[in-house]
There are 2 protein chains.
Amino acid sequence: MELKEDPIRVLLADDQALVRGALAALLNLEPDICVVAQAGDGSEVAALAAEHRVQVALLDIQMPIMDGLEAAAILRQRMPECKVLMVTTFDRPGYLRAAFDAGASGFLVKDTPSAALADAVRQVHAGGRVVDPSLAAQSLMGGSNPLTEREREVLSQAQSGAPVAQIAAAMHLSVGTVRNHLSNAIGKTGAANRIEAAHAAHEQGWI
Amino acid sequence: MELKEDPIRVLLADDQALVRGALAALLNLEPDICVVAQAGDGSEVAALAAEHRVQVALLDIQMPIMDGLEAAAILRQRMPECKVLMVTTFDRPGYLRAAFDAGASGFLVKDTPSAALADAVRQVHAGGRVVDPSLAAQSLMGGSNPLTEREREVLSQAQSGAPVAQIAAAMHLSVGTVRNHLSNAIGKTGAANRIEAAHAAHEQGWI
DNA sequence: CGTTGCCCATGACAAGTGTCATGGGCAATT
DNA sequence: AATTGCCCATGACACTTGTCATGGGCAACG
């Protein structure tokens, strides 16, 4: 079925060492796939990928210092021949668009069956695209991010409970302006509060 | 090194199918460990454990319908000889106490090296206790949950952005009482807002 | 060039929020 | 029997928050 070729050279990036190691074990069971490098943060992937001549990079989105989206963008810029397969815990519609904007070839959520992972790697390596079907539909429905940049900034500050005065100081704005941005964001998300709005934006992957 | 015994019979419970499968692959690499059952939710574990005569149950805390803590309590009640090893993404100090209160014999966070997992299973099976050392120290320092039950209820409602009036209606209380509980919780957590308080409580595993 | 959209800002008003003092009911502890 | 701690409640006060009307500056698009 397969030509007798060298195994696909894969890099794994996930901040949780346990699942990173487990995914490596899972993929190494496949004879045509070989995990040649692992990273615990996005800032390491570009260098590791170059060093080990990686063909497919499997990146988690949530990582502490540099997230998977940023890492993907840098990686694609330096090694356009290296494919990226994004893996994430949360099925936020906004993430899908962001992933492909960053140059990813595939997108999986972590509750897809484990048997599908190896196939996804093969498809991506062969030049194909892999998208979680349920998420794809959801993403097309939802439309794209309606929030302006300022509204996003203000919301993400409000998320952690900062009062308006503090946000205004941090952004070098007047308190009135901050409240206007917040009010706009609340309206666009259909929420009643800043905090409901922040949650809604977070769930959509807008923030 | 090991006596020639039957392999340890392990059950895996995690809501994310991908990491569940990956952990299974990792553990099945060990000759003396055998994953005999998997569950995607806590409500399934007790029945599965009984059916497959499981010796060690590896439970994630975060699961949709019934969480790992509840599942552990039920499991320990019905099969006292079955050990529980808790695995979680977040290192909230409060979780550790809750896990042992539920009858767990071990507690691991998901960013421990994957090589340590098999050893933890063996130790727990042998009747020992396994605790993430960094978390243990953190837990002893933090002390235990200072929030009363009502304060926790009120906080968890406030977390999602509900206004006081709505919380009061949901709990059949007067708005003044809700604000008192909130004010107390804010004081105890050293926060400035209800939302900061909710975050703090959440990070401590108090909520 | 005019329009449109986003940014920034101000001021004012209604509603929601955090704090405090005060007090009654109840269960567990001393 | 008295104390302590949690629950519940009320009312009042200062402060924060959400909304609205209004207006200027600026860049992009027709």
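By convention in this document, chain letters (A, B, ...) are assigned in the order of the sequence lines, proteins followed by strands, and residues within each chain are numbered from 1.
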Rounded distance (Å) that lies between atom [atom2] of [N] and atom [atom1] of [X]:
X	N	atom1	atom2	value
A/Glu149	D/dC26	CD	C1'	16 Å
A/Glu151	D/dG18	CD	P	14 Å
B/His181	D/dT10	NE2	P	13 Å
A/Met171	C/dC6	CE	C1'	13 Å
B/Glu196	C/dT17	CD	C1'	14 Å
A/Gln157	D/dT17	CD	C1'	17 Å
B/Glu153	D/dC6	CD	P	15 Å
B/Asn193	D/dT16	CG	P	10 Å

[N] phosphate, OP1 or OP2, under 4.0 Å from [X] side-chain N/O:
X	N	result
A/Arg150	C/dC6	no
B/Ser174	D/dT10	yes
A/Thr148	C/dC6	no
B/Arg194	C/dG18	yes

From the set [options], return the single nucleotide nearest to any side-chain atom of [X].
X	options	value
B/Leu173	D/dG18, C/dT17, D/dA9	D/dA9
B/Ile186	D/dC8, C/dG18, C/dC7	C/dG18
B/Ser183	C/dT19, D/dT19, D/dC8	C/dT19

Residue whose closest nucleotide on DNA chain D lies nearer the 5' end, B/His172 versus B/Lys188: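 Taking each residue's closest nucleotide, the earlier one in sequence belongs to B/Lys188.
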
Touch class at under 4.0 angstrom, heavy-atom based, for A/Arg179 against every strand present: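 If one applies the 4.0 Å heavy-atom cut-off, A/Arg179 turns out to touch a base.
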
Sugar-phosphate only, base, or nothing, as touched by A/Thr177 at under 4.0 Å among non-hydrogen atoms: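 Result for A/Thr177 = base.
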
Heavy atoms of other groups near B/Gln77 CD, more than 12 under 6.0 Å: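 Incorrect, the count does not exceed 12.
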
Side-chain donor/acceptor of A/Asn180 to base of D/dC20, under 3.5 Å: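 Answer is yes: a donor-acceptor pair is held.
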
For A/Thr88, the option from A/Leu69, A/Leu108, A/Ile61, A/Asp132 that meets side chain to side chain contact (heavy atoms under 4.5 Å, CB included):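 Of A/Leu69, A/Leu108, A/Ile61, A/Asp132, side chain to side chain contact (heavy atoms under 4.5 Å, CB included) with A/Thr88 is met by A/Ile61 alone.
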
Student check: side-chain heavy atoms of A/Asp41 and A/Met66 closer than 4.5 Å: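 A side-chain contact exists here, since the closest heavy-atom pair is under 4.5 Å.
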
Under-4.0 Å salt bridge between B/Glu149 and B/Arg152: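 Salt bridge between B/Glu149 and B/Arg152, a charged N being under 4.0 Å from a carboxylate O: no.
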
Salt-bridge present (B/Lys188, B/Glu151; N to O < 4.0 Å):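 A salt bridge is present here (some side-chain N lies under 4.0 Å from a carboxylate O).
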
